[in-house]
Chemist: 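Below is the structure I would like to discuss, written out as structure tokens.
Letters go in sequence order (proteins before strands), and every chain restarts at 1.
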Amino acid sequence: MRRLPDRAFQAVALAVLCLALAALAALILDVWRDGASRLSWDFLTGFPSRRAESAGIWHALTGSVFVILVTAALAVPIGVGAAIYLEEYGTRSLLARLIEINITNLAAVPSIIYGLLGLGLFVRALGMGRSVLAGASTLALLVLPVIILTTREALRAVPRSIREGSYALGATKWQTIWHQVLPVALPGILTGTILALSRAIGETAPLITIGALTFVAFVPDGLWSPFTVLPIQIFNWVSRPQPAFQVNAAAAILVLLALLLTMNAAAVWLRDRYQKKLV
Amino acid sequence: MRRAEFAIEWALFACALVSVGTTAGIILVLTVETLAFLREVPIAEFLFGTEWTPLFATPRFGVLPLVAGTVLVSAIAMLVALPMGLLSAVYLSEYAPPRLRRTVKPVLEILAGVPTVVYGYFALLFVTPLLQRVIPGLAGFNALGPGIVMGIMILPLVSSLSEDAMQAVPRGLREGSYALGASRMQTSLRVVVPAALSGITAACILAVSRAIGETMIVAIAAGQQPRLTWNPLVPIETMTAYIVQVSLGDTPQGTIEYRTIFAVGMLLFLGTFLLNLASAWLRERFREVYG
């Protein structure tokens with residue numbers, strides 16, 4: 001008798017879990033059904049157009065890749081540097097503790113607020129305009145907390161004995177970090193970085209806020225070039241009333257999801273490959 | 001040699017300071033523009049006014065309609081995310097065989113990793129049309145569809161943080177409960193959940209904060225009509241969607257329209273900041289109990 005409510009509870013909980021997974025399946029199937037027929041080589045390499053049938057995403061795809069590469073170039077050195085400082089140097093000081101609390105808080109600030117920061121700081125105050133550099137700088141600040149947090153975890157996982165062995169041989173602190181600790185932590189750092197960047201590549205709101213253009217008919221040709229990215233192009237097409245453009249949006253979503261899947265797969269592959277070696 | 005070591009330490013310290021600079025930058029940018037905004041609009045009108053028409057010929061700057069829109073969509077999202085997230089957390093932590101857990105958790109994480117613009121598409125072109133078949137009066141843009149989709153997006157956050165909190169409850173408490181003859185459900189709901197309550201609450205608060213700051217779903221599917229209503233079936237506008245709306249137009253710097261987005265952003269930042277602080281404080285307390 002007592003087992004009945006227990007069974008019922010378990011069934012309800014399992015049903016809820018299945019419902020969540022069904023929502024994911026519905027999302028993917030819906031986008032696939034709407035957009036798969038539009039996918040073609042011409043769609044990937046085409047430029048935007050007033051006519052939905054001949055519009056493509058080459059400008060947005062190259063924009064996304066370019067912006068993410070610049071973001072990585074800015075965020076990775078700073079993020080890893082900050083993590084090394086917090087983990088290896090200043091862990092005990094009050095200032096380090098404050099920085100730590102600050103980073104946890106930053107990780108939960110809505111992305112659109114970073115957009116306002118980018119607009120006020122990079123676009124206006126520093127005069128970068130609505131350029132690739134302004135967009136990438138904004139996204140770099142956005143992913144910085146994530147990169148710092150995951151890098152710290154990777155550094156923490158490096159056994160103490162490796163550091164002590166290096167010190168015992170007379171190495172300085174930095175030599176120990178550079179030659180011993182970082183190589184061991186590298187796969188973990190890379191995995192975290194790829195995951196953080198895959199979040200950035202799907203970000204729309206901060207880039208709209210800094211004024212990234214919604215209609216760009218060219219491939220960005222430098223750091224100061226105006227740009228658009230895949231999510232903004234998707235947003236632009238979804239917002240139009242004509243169904244033909246919404247089909248384009250679905251097809252562009254499929255490309256974006258494929259890009260994300262590739263990045264995530266790379267991260268998982270890296271983690272699995274090197275985790276075994278360590279142990 | 002010593003000098004190089006010293007320089008490196010300072011360079012690394014400078015990297016760590018960038019994060020402090022980010023916070024300072026956010027506060028500075030928002031404060032400067034908000035103060036300039038408040039010089040033209042009295043703070044009482046901004047906070048308590050019930051009409052938001054800054055782009056009209058006779059502008060009104062009462063932010064309450066945007067706040068109401070934000071609260072409405074977030075409330076719908078939480079009505080979806082909390083029960084579902086908590087139930088899945090209890091199931092995954094207390095019932096599921098380890099193999100099922102190992103497969104389900106990454107799939108839930110995919111749900112959290114889908115770009116929000118994709119969820120916006122889903123809300124506008126799948127969920128809303130589906131709901132319109134059941135609710136005839138539902139407008140094409142509304143709070144209900146995006147609210148539900150936002151709930152699905154936040155569910156993994158609630159579920160995974162709550163599950164972590166439940167996993168941190170010592171085994172001894174569960175075993176004591178079983179020894180007293182309690183069933184699994186009684187142990188889960190009356191021992192594990194109460195013991196993990198501050199961790200679970202922290203997860204829920206963080207989820208609310210995420211819902212308030214979420215932008216693209218509402219910008220795409222909730223409409224652009226700021227109105228003071230609790231009716232989830234009509235178009236509304238949230239604070240985040242308003243910022244997007246203005247950013248899409250070409251608003252010249254220094255105008256009052258340009259400053260409104262910073263004033264609204266300030267409100268958004270303060271709201272989410274307080275929620276994040278509360279969540280962090282609760283998590284810290286939870287760690288003290290079982291640390």
Side-chain angles (χ1 to χ4, degrees), chain A residues 2-3 5-6 9-10 12-14 16-17 19-21 23-24 26-27 30-31 78 81-82 84-86 89 99 102-106 108-113 116-117 120-121 124 141 144-145 148 172-174 198 202 204-205 208-209 211 214 231 234-235 238-239 246 249-250 253 256 260, chain B residues 1 5 8-9 11-13 15-16 18-20 22-23 25-26 29-30 33 84 87-88 90-91 95 104 107-108 110-111 113-118 120-122 124-126 152 155 183-185 206 209 212-213 215-216 220 240 243-244 247-248 253 261-262 265 268-269 272-273 276-277 280:
Chain A
R2 230 164 43 87
R3 295 187 61 90
D6 199 32
F9 178 76
Q10 189 172 353
V12 169
L14 190 60
V16 161
L17 200 59
L19 199 63
L21 300 182
L24 179 64
L27 189 153
D30 177 48
V31 176
I78 297 178
I84 292 175
Y85 179 79
L86 292 174
Y89 287 89
I99 294 176
N102 176 52
I103 289 168
T104 321
N105 251 317
L106 275 180
V109 169
S111 63
I112 195 162
I113 300 287
L116 289 175
L117 171 67
L121 183 66
R124 308 281 182 191
L141 291 185
L144 206 54
I148 296 177
T172 64
K173 188 154 192 167
W174 177 247
S198 79
T204 324
I208 289 183
T209 311
T214 46
I234 293 169
F235 174 60
V238 174
S239 326
Q246 295 172 346
I253 286 175
L256 180 63
L260 283 173
Chain B
M1 198 65 219
E5 288 280 319
I8 286 169
E9 185 171 347
L12 295 172
F13 179 63
C15 291
V18 170
S19 75
V20 181
T22 309
T23 307
I26 289 175
V29 166
L30 291 180
E33 298 288 350
M84 286 181 73
L87 272 173
S88 6
V90 171
Y91 181 77
Y95 284 87
V104 167
V107 180
L108 278 181
I110 296 180
L111 215 47
V114 173
T116 56
V117 70
V118 179
Y121 177 94
F122 187 58
L124 181 68
L125 298 175
F126 183 81
I152 294 170
L155 189 154
S183 72
R184 205 178 238 197
M185 182 177 74
L206 204 61
S209 159
I212 290 175
T215 309
M216 293 322 290
I220 291 174
T240 50
I243 298 177
V244 166
S247 305
L248 284 174
Q253 184 191 6
I261 61 174
F262 289 92
L268 190 65
F269 176 71
T272 50
F273 183 71
N276 297 340
L277 272 189

Chemist: Flag the pair A:Leu117 / B:Phe269 as yes when at least one side-chain heavy-atom distance between them is below 4.5 Å, and no otherwise.
Modeler: no

Chemist: If you measure from CD1 on B:Ile110 to CG on A:Leu27, what distance do you get to the nearest 0.5 Å?
Modeler: 11.5 Å

Chemist: Of the listed residues (A:Ser239, A:Ala249, A:Ala108), which shares the most heavy-atom pairs with chain B below a 4.5 Å separation?
Modeler: A:Ala108

Chemist: Between CG of A:Leu116 and CD1 of B:Ile243, what distance do you get to the nearest 0.5 Å?
Modeler: 5.0 Å

Chemist: Relative to chain A, which segment of B:Ile261 carries a heavy atom at a distance below 4.5 Å: side chain, backbone, both, or neither?
Modeler: both

Chemist: Check whether B:Met84 gets within reach of chain A through its side chain, its backbone, both or neither, counting any heavy atom under 4.5 Å.
Modeler: both

Chemist: Taking A:Leu14, A:Val12, A:Ile234 one by one, which has the highest count of heavy-atom pairs under 4.5 Å against chain B?
Modeler: A:Leu14

Chemist: Taking side chain as everything from C-beta outward and backbone as N, CA, C, O, which of these in B:Thr240 sits under 4.5 Å from a heavy atom of chain A? Side chain, backbone, both or neither.
Modeler: both

Chemist: Rounded to the nearest 0.5 Å, how far does CG of B:Leu12 lie from CD1 of A:Ile78?
Modeler: 12.0 Å

Chemist: For residues A:Gly81 and B:Cys15, report the shortest heavy-atom separation together with the two atoms involved.
Modeler: C-CB, 3.8 Å

Chemist: Locate the shortest heavy-atom distance separating B:Val29 from A:Leu121; write the atom from each residue and the value.
Modeler: CG2-N, 4.3 Å

Chemist: Once side chain to side chain donor-acceptor pair (under 3.5 Å) is applied, do any residues pair with B:Ser209, and if so which ones, sequence neighbours excluded?
Modeler: B:Asn276

Chemist: Please report the closest heavy-atom contact between B:Ala16 and A:Tyr85, naming both atoms and the distance.
Modeler: CB-CD2, 4.0 Å

Chemist: Side chain, backbone, both or neither: which part of B:Thr215 has a non-hydrogen atom closer than 4.5 Å to chain A?
Modeler: side chain

Chemist: Side chain, backbone, both or neither: which part of A:Thr104 has a non-hydrogen atom closer than 4.5 Å to chain B?
Modeler: neither

Chemist: Which atoms of B:Ile212 come close to chain A, meaning under 4.5 Å heavy atom to heavy atom: side chain ones, backbone ones, both, or neither?
Modeler: neither

Chemist: For the candidates A:Val109, A:Asn102, A:Ile99, which exhibits the highest count of non-hydrogen atom pairs separated by less than 4.5 Å from chain B?
Modeler: A:Asn102

Chemist: Could you grab the distance from atom CD1 of A:Ile84 to atom CZ of B:Phe13, nearest 0.5 Å is fine?
Modeler: 15.5 Å

Chemist: Report the option among A:Val31, A:Ile103, A:Leu106 that has the most heavy-atom pairs separated by less than 4.5 Å from atoms of chain B.
Modeler: A:Leu106

Chemist: Rounded to the nearest 0.5 Å, how far apart are CG of B:Leu108 and CG of A:Leu17?
Modeler: 6.0 Å

Chemist: Taking side chain as everything from C-beta outward and backbone as N, CA, C, O, which of these in B:Ile152 sits under 4.5 Å from a heavy atom of chain A? Side chain, backbone, both or neither.
Modeler: side chain

Chemist: Out of A:Leu141, A:Ile112, A:Val238, A:Leu21, return the one with the most heavy atom pairs under 4.5 angstrom to chain B.
Modeler: A:Ile112

Chemist: Could you tell me which portion of B:Val107 (side chain, backbone, both or neither) has an atom closer than 4.5 angstrom to a non-hydrogen atom of chain A?
Modeler: both

Chemist: Among B:Leu125, B:Val104, B:Val114, which has the most heavy-atom pairs under 4.5 Å with chain A?
Modeler: B:Leu125

Chemist: Please state whether the side chain, the backbone, both or neither of B:Tyr95 comes within less than 4.5 Å of a heavy atom of chain A.
Modeler: side chain

Chemist: To the nearest 0.5 Å, how far apart are CD1 in A:Ile208 and OG in B:Ser247?
Modeler: 7.5 Å

Chemist: Does some side-chain heavy atom of B:Tyr121 sit less than 4.5 Å from a side-chain heavy atom of A:Ile253?
Modeler: yes

Chemist: For A:Ser198, give me all partners under side chain to side chain donor-acceptor pair (under 3.5 Å), at least two apart in sequence or on another chain.
Modeler: none

Chemist: Write down the atom of B:Ser88, the atom of A:Val16, and the distance for their closest heavy-atom approach.
Modeler: OG-CG1, 4.2 Å

Chemist: Does any heavy atom of chain B fall under 4.5 Å from the side chain of A:Leu144, the backbone, both, or neither of them?
Modeler: side chain

